[in-house]
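Since the structure is predicted, the reported quantities are computational estimates derived from the model, not experimental observations.
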Amino acid sequence: MTFTSDELILALVSLVRATRPAMLRQEADGFTIDFEAIAESKSPTEADRLLLKIRALMESPRENPADGSPLSLDLDAAEARRVADALAKLELLQAWPADVLDMSRTLRVRLTADAGPR
């Protein structure tokens with residue numbers, strides 16, 4: 001499945017908020033995500049492995065990261081559903097600007113279409 005950088009960030013934040021909110025660190029200019037605990041875990045959960053998978057893609061070198069080219073991430077049906085569920089949960093937890101809400105809803109539709117029926 002392909003993602004824009006913004007979609008991937010939204011998916012990552014949604015998963016963190018849904019599974020490990022303590023990983024989010026508020027900073028003066030936004031936030032960071034502390035991956036140390038799950039990166040060192042001897043028995044990572046499925047959600048942890050998905051977070052690390054997204055992190056690896058976001059940190060992978062690209063020819064021209066500023067060109068907005070899509071990022072490709074292989075998700076199985078369960079992973080796609082997990083991301084879609086996390087996005088839905090985050091939509092309910094707080095108010096979002098209309099453009100972010102639209103992006104989240106559009107991404108959820110694509111994720112659930114790729115994941116197939118439950």
Any donor and acceptor pair, going by atom type alone, linking the side chain of [X] with main-chain N or O of [Y] inside 3.5 Å?
X      : Y      : result
Lys53  : Leu73  : no
Thr112 : Val109 : yes
Glu59  : Ala56  : no
Arg110 : Thr2   : yes
Ser60  : Leu57  : yes

Which pairs pass salt bridge (charged side-chain N to carboxylate O under 4.0 Å, His left out) with one or both residues in residues 29-38, sequence neighbours excluded? Arg25-Asp34
Salt bridge (charged side-chain N to carboxylate O under 4.0 Å, His left out) contacts in which one or both residues fall within residues 42-51, not counting sequence neighbours: Arg20-Asp48, Glu46-Arg82
Under the side-chain contact (heavy atoms from CB on, under 4.5 Å) rule, what do Ser104 and Leu90 come out as? Steps first, then yes or no, please. CA-CA 9 Å; Ser104 178; Leu90 192 59; over 6 Å; no
Distance (rounded to the nearest 0.5 Å) between [X] [atom1] and [Y] [atom2]:
X     : Y      : atom1 : atom2 : value
Leu87 : Glu91  : CG    : CD    : 6.5 Å
Glu7  : Thr4   : CD    : OG1   : 3.5 Å
Thr19 : Asp85  : OG1   : CG    : 12.0 Å
Leu10 : Leu107 : CG    : CG    : 6.5 Å
Ile54 : Glu79  : CD1   : CD    : 8.5 Å
Glu27 : Thr32  : CD    : OG1   : 4.0 Å

Using a 6.0 Å cut-off, check whether atom CG of Asp74 has over 12 heavy atoms from anything other than its own residue. no
Derivation and outcome, side-chain contact (heavy atoms from CB on, under 4.5 Å), residues Arg81 and Leu111: CA-CA 7 Å; Arg81 276 193 296 276; Leu111 286 160; over 6 Å; no
Dump the intermediate steps for side-chain contact (heavy atoms from CB on, under 4.5 Å) on Met103 and Arg108, then the final yes or no. CA-CA 9 Å; Met103 182 190 340; Arg108 280 194 301 123; over 6 Å; no
Looking only at heavy atoms, which two atoms of [X] and [Y] are closest? And how far apart?
X     : Y     : answer
Phe35 : Leu51 : CE2-O, 3.9 Å
Phe3  : Leu75 : CZ-CD1, 3.8 Å
Leu24 : Phe31 : CD2-CD1, 3.6 Å
Ala39 : Arg55 : CB-NH1, 4.1 Å

